[in-house]
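What you see is a predicted model, and the numbers here were worked out from it, not measured in a lab. Every number for a ligand or one of its atoms is a count from 1 in the order of the listing.
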Amino acid sequence: MKIRKRLLAAAVRPATSLSAGLGILAALALPLYAQTVKVTPLGGFDGEFCAQDRALIFEDPTGTRVLYDPGRTVVGATDARLGKIDIVLVTHTHGDHLGNAHTKAVGTGTCDKPDFSVSDIPNSNAVNIAIAKSSKIVTGSDMPAFFAAKLKATGGDPANSILARFGGSVTIGSVKIATVTAMHSNGLDPDYIGGDLGKAMKDAGIWGDVGLATGYVLRFSNGLVVYLSGDTGITADQEFVVRGQYNAKLTVMNIGDNFTTGPVEAAYVINELVKPASVIASHANEAGTVNGKVRAGSKTETFMKLVKVPVHIPLSGKTMEFDGSGKCTAGC
Ligand SMILES: [Zn+2]
């Protein structure tokens with residue numbers, strides 16, 4: 001710290017040592033900026049981008065590891081790909097994000113119709129992983145109380161369910177986490193409630209209320225700001241909040257259509273509203289690739305063709321690295 005202060009003092013000293021000072025400043029700034037956040041997709045099929053793929057691990061340069069929307073392709077809490085998980089993020093409680101079930105093993109079923117025959121009701125894949133890894137679950141809206149109750153019911157610590165409601169943020173390890181709006185729904189399947197109440201709700205076609213669906217904005221220690229769209233339509237917040245306030249440089253954008261923005265709408269969000277430096281496509285609800293190459297005629301291909309900035313395809317198990325400006329520096 002003392003050395004750093006001395007270097008800074010030298011850097012701002014005028015006249016004779018100005019150029020040397022600027023060099024020192026650059027040397028101080030560069031390593032942090034050039035450090036990378038590692039992004040590793042945990043999809044259903046090694047080296048492919050498949051229909052149920054949502055889960056991504058983000059690793060901060062300091063080692064803080066974040067699991068985003070584990071869904072159905074993480075093979076339960078014992079999946080060897082997980083490693084240490086400090087934070088679990090769940091955008092909303094629909095089964096393909098919370099994980100009402102998961103696959104038996106990586107590469108089971110087909111890329112367009114993956115197997116997810118192992119039930120995770122009533123706990124969910126996300127809660128089982130959080131308990132096994134002693135992770136914090138950070139959610140917005142009214143979801144923290146639901147996760148606290150699930151953690152308590154399954155032998156975990158309810159205090160590990162942490163709130164970040166719209167406009168606020170929490171910092172865990174070296175990652176600052178905020179939630180942002182998602183134009184979607186967030187009904188809780190009565191299967192998670194169970195008993196007579198769950199049955200009565202199911203019979204009536206009513207889902208539980210756990211508040212609004214969300215997206216996230218993460219700020220990492222190298223300065224990288226990432227927008228995780230979650231399931232959403234087009235929202236004005238994508239321009240006024242995600243770009244205007246947070247200035248997100250990397251976006252993970254859901255492109256699957258029907259349930260969320262399709263490839264054309266998602267491309268509009270990227271090109272006109274968020275305007276990041278690069279994008280990772282997500283939630284395509286199709287076989288986006290064959291033998292690791294984007295499939296001709298796919299929604300993934302349409303999205304790539306329409307978007308003006310680099311689009312990176314999340315091939316399961318392949319780690320991509322992003323610097324503070326949102327540029328992919330390795331693995332893309
Ligand atoms: Zn979804």
- [ ] Mind running side chain to side chain contact (heavy atoms under 4.5 Å, CB included) on Thr232 and Gln238 for me, showing each step along the way?
- [x] CA-CA 10 Å; Thr232 187; Gln238 288 163 332; 3.6 Å; yes
- Ile129 reachable from Met143 in the ILVMFWY side-chain graph, under 4.5 Å edges: yes
Residues 155-209 vs ring-ring contact (aromatic ring centres under 6.0 Å, His included), sequence neighbours excluded, gives His92-His184, His94-His184
Residue pairs passing the ring-ring contact (aromatic ring centres under 6.0 Å, His included) test with at least one member in residues 114-163, sequence neighbours excluded, are none
Sorted by chain and number, protein N/O/S atoms nearer to the Zn ion (ligand 1) than 2.8 Å are Asp96 OD2, His97 NE2, Asp231 OD2, His283 NE2
- Query: Any donor-acceptor pair under 3.5 Å linking the side chain of Glu301 with the backbone of Gly297?
  - Reply: yes
When the side chains of residues 132-140 are checked against the rest of the protein, which donor-acceptor pairs come out under 3.5 Å, sequence neighbours left out?
from	atom 1	to	atom 2	distance (Å)
Lys133	NZ	Gly83	O	3.0
Ser135	OG	Ile85	O	2.9
Lys136	NZ	Asn160	OD1	3.0

